[in-house]
Amino acid sequence: MADNVLDRFDGNFIEEKAVDSSKKVKVGIIGTGWIAEAHIRQYIAMEDVEVVAMADLIPGKAETFAKRFGVEGCKFYPSHKELIDAGEVEAVSICTYNCQHAEPTIYALNHGVNVMLEKPFTVTLDEAVEVMKAEKASGKLLTIGFQPRMSENMKMIKKIVDSGELGKIYYLKAGGGRRHGIPTPYGTTFIEKETGGIGAMGDIGCYSLDMLLNAVGYPKPLTVTGYTSDFFGKNPEYFTNDDKPADYADKFGVDDFAAGFIRLEGGIMLDFMISWAMHMDTIGDAIILGTKGGLRIPSTECWNGEFTTPLTIYKDVAGKRVEYKIPMGAPTKNGKDLFYNKLREFIDAVKYGGEPTVPSSQIIYNQAIIDGIIKSNAIGKEIEIEIPEI
């Protein structure tokens, strides 16, 4: 029986286009911190990409970054505006800290530049709306950096739901989370309110939300009851083994744990939790419940790339309770890194046209949930989620 069921999840895979290196896409990188390393590694591996410009607010940082990765002939700028105003790039990767996602994205789109924007989309829903207005007016490409979408094993989750094997979906439960994982090794931009804006939700929670919402077709969120806390980040003892423990606790201004109960269109309930730090190894596996079956998605700390053990489907068959595992395949059909494929699809869309792999029209709902959790927590009760027409 299992073999026949698994056949239902087979799909037509898009074959990788042959790279035409005679037509190079001129790319700029805005923000040369930690996440930019993943972008530059993949761009320099592409024969049809030329990284021609970098911008960073810290003097000399972009130059050091380029030298480290052997990028020659690149121009350097003190801000996104100077880089874009130079008129040399047709696409940019925006790798700034969270609170600086919206401004350079809007500026790039308004000046006819295509954008690969790292997650999270923005910090607030209002910012996301303004970005989408610029996107609509410009007609340029905007995609959000969720590389797990490139994983064949992650894609299997949506294939299972779309196959009808689970029936009507009525409940989603997020899982995973970190026991001890506030990202201070990458500096304080993640944890300060002025730069990070949002904490665990924006760093890893958005991945968890995307995995589940994408699986069920990204239904619109209607209401949310939210909770956030910062008990660990505000405690100097948590950072005992770090270089500047008291300094980190004093600067901490975001969430290290968040939870929400969200009502979605279509009668689906979403039970969401995420953590940078907690006294628990995991909040459990992610779960999708349907009227014909349930799907268990193995727990990870981040949901940012792959899970390592198989998906499990639970059903009743001829009066018997059965479960079967979905064999794991290679993460990608072409054997390339998930980040490579994320950027490859962006570059192909810039060159040849096409829809963004991860469109803002979906991720606005992801952002609305995060924004709603923060607002609900602030007033201590359930709120309605209102997303304006764009």
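In what follows, residues are counted from 1 in the order of the sequence shown. Given the structure is predicted, the values throughout are model-derived calculations rather than measurements.
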Show your working on side chain to side chain donor-acceptor pair (under 3.5 Å) between Y218 and D210 and close with a plain yes or no. CA-CA 8 Å; Y218 253 102; D210 185 64; 2.7 Å; yes
Considering all heavy atoms, the nearest [X]-[Y] contact:
| X | Y | answer |
| --- | --- | --- |
| K119 | G145 | CG-O, 3.7 Å |
| G293 | K315 | CA-CG, 4.0 Å |
| G177 | M278 | C-CE, 4.1 Å |
| P221 | I385 | CB-CD1, 3.6 Å |
| I144 | M116 | C-SD, 4.4 Å |

Counterpart residues, ring pair (Phe, Tyr, Trp, His ring centres under 6.0 Å), relative to Y238 (two or more places apart): H180
Using a side-chain heavy atom cutoff under 4.5 Å and only I, L, V, M, F, W and Y, what cluster partners does Y97 have?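 Grouped by the 4.5 Å side-chain rule, L57 form the rest of the cluster around Y97.
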Quick check: do V161 and I288 have side-chain heavy atoms less than 4.5 Å from each other?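 They are in contact (side-chain heavy atoms under 4.5 Å apart), so the answer is yes.
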Carefully, step by step, assess D285 and K173 under the rule salt bridge (Lys or Arg N to Asp or Glu O under 4.0 Å). CA-CA 8 Å; D285 296 337; K173 176 185 176 295; over 6 Å; no
Is there any ring-ring contact (aromatic ring centres under 6.0 Å, His included) pair reaching into [range], and which pairs are they, with sequence neighbours excluded?
| range | value |
| --- | --- |
| residues 271-293 | F232-H279 |
| residues 245-264 | F239-Y248 |
| residues 138-173 | F146-Y207 |

Is [X] salt-bridged to [Y], going by a charged N under 4.0 Å from an acidic O?
| X | Y | result |
| --- | --- | --- |
| E165 | K292 | no |
| K342 | E118 | yes |
| D247 | K251 | yes |
| K24 | E50 | no |
| R344 | D48 | yes |

Look up atom [atom1] in [X] and atom [atom2] in [Y], then write down how far apart they are to the nearest 0.5 Å.
| X | Y | atom1 | atom2 | value |
| --- | --- | --- | --- | --- |
| I326 | R296 | CD1 | CZ | 14.0 Å |
| L212 | I297 | CG | CD1 | 5.5 Å |
| I29 | E37 | CD1 | CD | 10.5 Å |
| I370 | Q367 | CD1 | CD | 5.0 Å |
| Y314 | L289 | OH | CG | 11.0 Å |
| L264 | L172 | CG | CG | 6.5 Å |

Taking the side chain from S360 and the backbone from M132, do they hold a donor-acceptor pair closer than 3.5 Å?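 Flag not set: sc S360 to bb M132 has no pair under 3.5 Å.
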Show every donor-acceptor pair shorter than 3.5 Å between a side-chain atom in residues 301-310 and any protein atom, with sequence neighbours excluded, or say none if there are none.
{"residue": "W303", "atom": "NE1", "partner": "G175", "partner atom": "O", "Å": "2.9"}
{"residue": "E306", "atom": "OE1", "partner": "N153", "partner atom": "ND2", "Å": "3.3"}
{"residue": "E306", "atom": "OE2", "partner": "S151", "partner atom": "OG", "Å": "2.4"}

Linking I/L/V/M/F/W/Y whenever any side-chain heavy atoms sit under 4.5 Å apart, do F65 and M46 land together? yes
Show your reasoning for whether salt bridge (Lys or Arg N to Asp or Glu O under 4.0 Å) applies to K75 and E88. CA-CA 10 Å; K75 294 184 179 178; E88 297 178 339; 2.7 Å; yes
What's the verdict on side chain to side chain donor-acceptor pair (under 3.5 Å) for H101 and T122, showing C-alpha distance, side-chain angles and the deciding distance? CA-CA 6 Å; H101 277 195; T122 53; over 6 Å; no
Given the rule in the salt bridge (Lys or Arg N to Asp or Glu O under 4.0 Å) test, do K158 and D162 qualify, once you have shown the distances and angles that lead to the verdict? CA-CA 6 Å; K158 182 168 176 56; D162 289 347; 3.5 Å; yes
